[in-house]
Amino acid sequence: MELKNILLSFHPEGWPFMAGAGVVMILLSLLGWPFFTLGAVVFAWCCYFFRDPARVTPTRPGLIVSPADGKVVAIKEATPDGDLDLGPEPRVRISIFLNIFDVHVNRMPADGTVTTRRYRKGKFFNASLDKASVSNERMALNLKLTGDHPQAGKLIGVVQIAGLIARRIVCDAKEGSTFSAGERYGIIRFGSRVDIYLPPGVQPMVALGQYMLGGETVLADCHSNEAARQGAKRE
């Protein structure tokens with residue numbers, strides 16, 4: 001495999017960390033095998049964290065897919081904060097928690113155009129807590145949906161939220177940028193949360209505790225009129 005293809009398997013944000021960990025691993029090897037092993041573990045973890053696997057995104061118009069890998073930790077009706085510019089009407093908010101072992105590359109949940117991009121400083125509570133949606137540092141995008149479906153022209157909100165360990169949110173999406181569902185638009189380091197506000201009246205097709213694959217798992221369908229789905233954990 002060519003070096004270029006190998007590098008494309010990892011997010012560019014990770015290259016400096018991977019290079020630094022590689023140098024440390026080499027230096028530690030001079031001290032003996034136990035130190036080399038420690039360095040190798042750190043290097044392997046850096047590579048694992050910044051991995052950026054390809055995904056197969058469902059492309060039927062009206063589908064809203066998960067913007068991130070991780071576990072659904074909350075599904076609730078919530079009034080979006082004023083700085084999200086989504087209006088005062090409550091919407092279903094789906095919160096996805098990413099632990100340090102999940103893929104942290106974020107993907108656009110639907111076809112559309114970014115209309116607003118708002119960064120807000122905040123705290124660094126554990127991202128699995130509900131208050132993280134309001135209190136933590138974040139980057140919020142509004143996406144105007146496009147395509148042949150009933151919600152075309154409506155806005156959804158996608159919010160990257162820093163966590164207890166995460167200290168950097170990377171967002172490559174700019175106002176006016178047009179995306180297709182499943183396209184990469186950012187990454188959060190190291191352990192975080194992504195919230196998505198569905199259009200009014202659209203119900204989730206996932207359940208609390210379900211595991212998401214960013215760019216693949218269908219969160220909602222703008223064509224569907226079915227009620228919100230329920231789930232049961234099977235041991």
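Positions are given from 1, in the same order as the sequence printed here. Keep in mind that what you see is a predicted model, and the values were worked out from it rather than measured.
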Pairwise distance [atom1]([X]) to [atom2]([Y]) - rounded to 0.5 angstrom:
X	Y	atom1	atom2	result
Q160	H104	CD	NE2	11.0 Å
S224	L63	OG	CG	10.0 Å
Y119	C171	OH	SG	12.0 Å
L145	I156	CG	CD1	5.0 Å
Q151	I64	CD	CD1	7.5 Å
R51	C46	CZ	SG	12.5 Å

**Stepwise side chain to side chain contact (heavy atoms under 4.5 Å, CB included) test for R229 and I75** = CA-CA 11 Å; R229 294 187 180 180; I75 300 176; over 6 Å; no
If you group Ile, Leu, Val, Met, Phe, Trp and Tyr by side-chain heavy-atom gaps below 4.5 Å, do [X] and [Y] land in one group?
X	Y	result
W45	V23	no
I169	V114	yes
I196	L141	yes
V72	L98	yes

Considering non-hydrogen atoms only, spot the tightest contact between [X] and [Y] and give its length.
X	Y	value
N99	F101	OD1-N, 2.7 Å
S177	A173	OG-C, 4.5 Å
L86	R91	O-NH2, 3.5 Å
S192	F97	O-CD1, 3.3 Å
T79	P90	OG1-CG, 3.9 Å
L198	V202	CD1-O, 3.7 Å

Show me the side-chain donor-acceptor pairs of residues 24-42 shorter than 3.5 Å, one per line, residues at least two apart or across chains.
from : atom 1 : to  : atom 2 : distance (Å)
S29  : OG     : I26 : O      : 2.4
T37  : OG1    : W33 : O      : 2.9

**Item:** V105 side chain near Y185 side chain, heavy-atom distance below 4.5 Å
**Value:**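 V105 vs Y185: side chains apart.
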**Request:** May I ask you to test the D52-S9 pair for a side-chain heavy-atom distance under 4.5 Å?
**Result:**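 Contact flag for D52/S9 side chains = no.
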Is it the case that the side chain of [X] and the backbone of [Y] share a donor-acceptor pair, with hydrogens and angles ignored and the cut-off at 3.5 Å?
X	Y	result
N142	T115	no
R118	M139	no
E137	A162	no
H149	T146	yes

**Request:** Test I161 against V194 for side chain to side chain contact (heavy atoms under 4.5 Å, CB included), laying out the working first.
**Result:** CA-CA 6 Å; I161 301 172; V194 177; over 6 Å; no
**Message:** salt bridge (Lys or Arg N to Asp or Glu O under 4.0 Å) for D69 and R107? Distances and angles first, verdict last.
**Reply:** CA-CA 9 Å; D69 285 31; R107 293 176 178 265; over 6 Å; no
**Request:** Output, in order, the C-alpha distance, side-chain angles, deciding distance and verdict of salt bridge (Lys or Arg N to Asp or Glu O under 4.0 Å) for R184 and D172.
**Result:** CA-CA 9 Å; R184 301 169 178 86; D172 299 321; over 6 Å; no
**Item:** Side chains of S95 and R193, donor plus acceptor under 3.5 Å
**Value:**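 Present: a donor and an acceptor within the cut-off.
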**Asked** For Q230, does the CD atom sit with more than 12 other heavy atoms under 6.0 Å from it, leaving out its own atoms?
**Response**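 Result for CD/Q230: open.
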**Request:** Decide yes or no on side chain to side chain contact (heavy atoms under 4.5 Å, CB included) for Y197 and L155, but give the supporting numbers first.
**Result:** CA-CA 9 Å; Y197 291 83; L155 294 175; over 6 Å; no
**Counterpart residues, side chain to side chain contact (heavy atoms under 4.5 Å, CB included), relative to P150 (two or more places apart)** =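 Testing P150 for side chain to side chain contact (heavy atoms under 4.5 Å, CB included), a comparison that skips the adjacent residues, returns H223.
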**Message:** Assess whether a salt bridge exists between D195 and R138, defined as any Lys/Arg side-chain N lying under 4.0 Å from an Asp/Glu carboxylate O.
**Reply:**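 Salt bridge flag = no for R138 with D195.
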Can you list, pair by pair, the side-chain donor-acceptor contacts under 3.5 Å of residues 203-219, counting residues two or more places apart and other chains?
from : atom 1 : to   : atom 2 : distance (Å)
Q210 : OE1    : A207 : N      : 3.0
Y211 : OH     : D102 : OD1    : 2.4
E216 : OE2    : V56  : N      : 2.9
T217 : OG1    : L213 : N      : 2.8

**Request:** Walk me through it: do E175 and T116 pass the test side chain to side chain contact (heavy atoms under 4.5 Å, CB included)?
**Result:** CA-CA 6 Å; E175 292 185 3; T116 58; 4.3 Å; yes
**Prompt:** So which of I94, L143, N106, I96 actually passes side-chain contact (heavy atoms from CB on, under 4.5 Å) with P67?
**Reply:**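 That would be I96.
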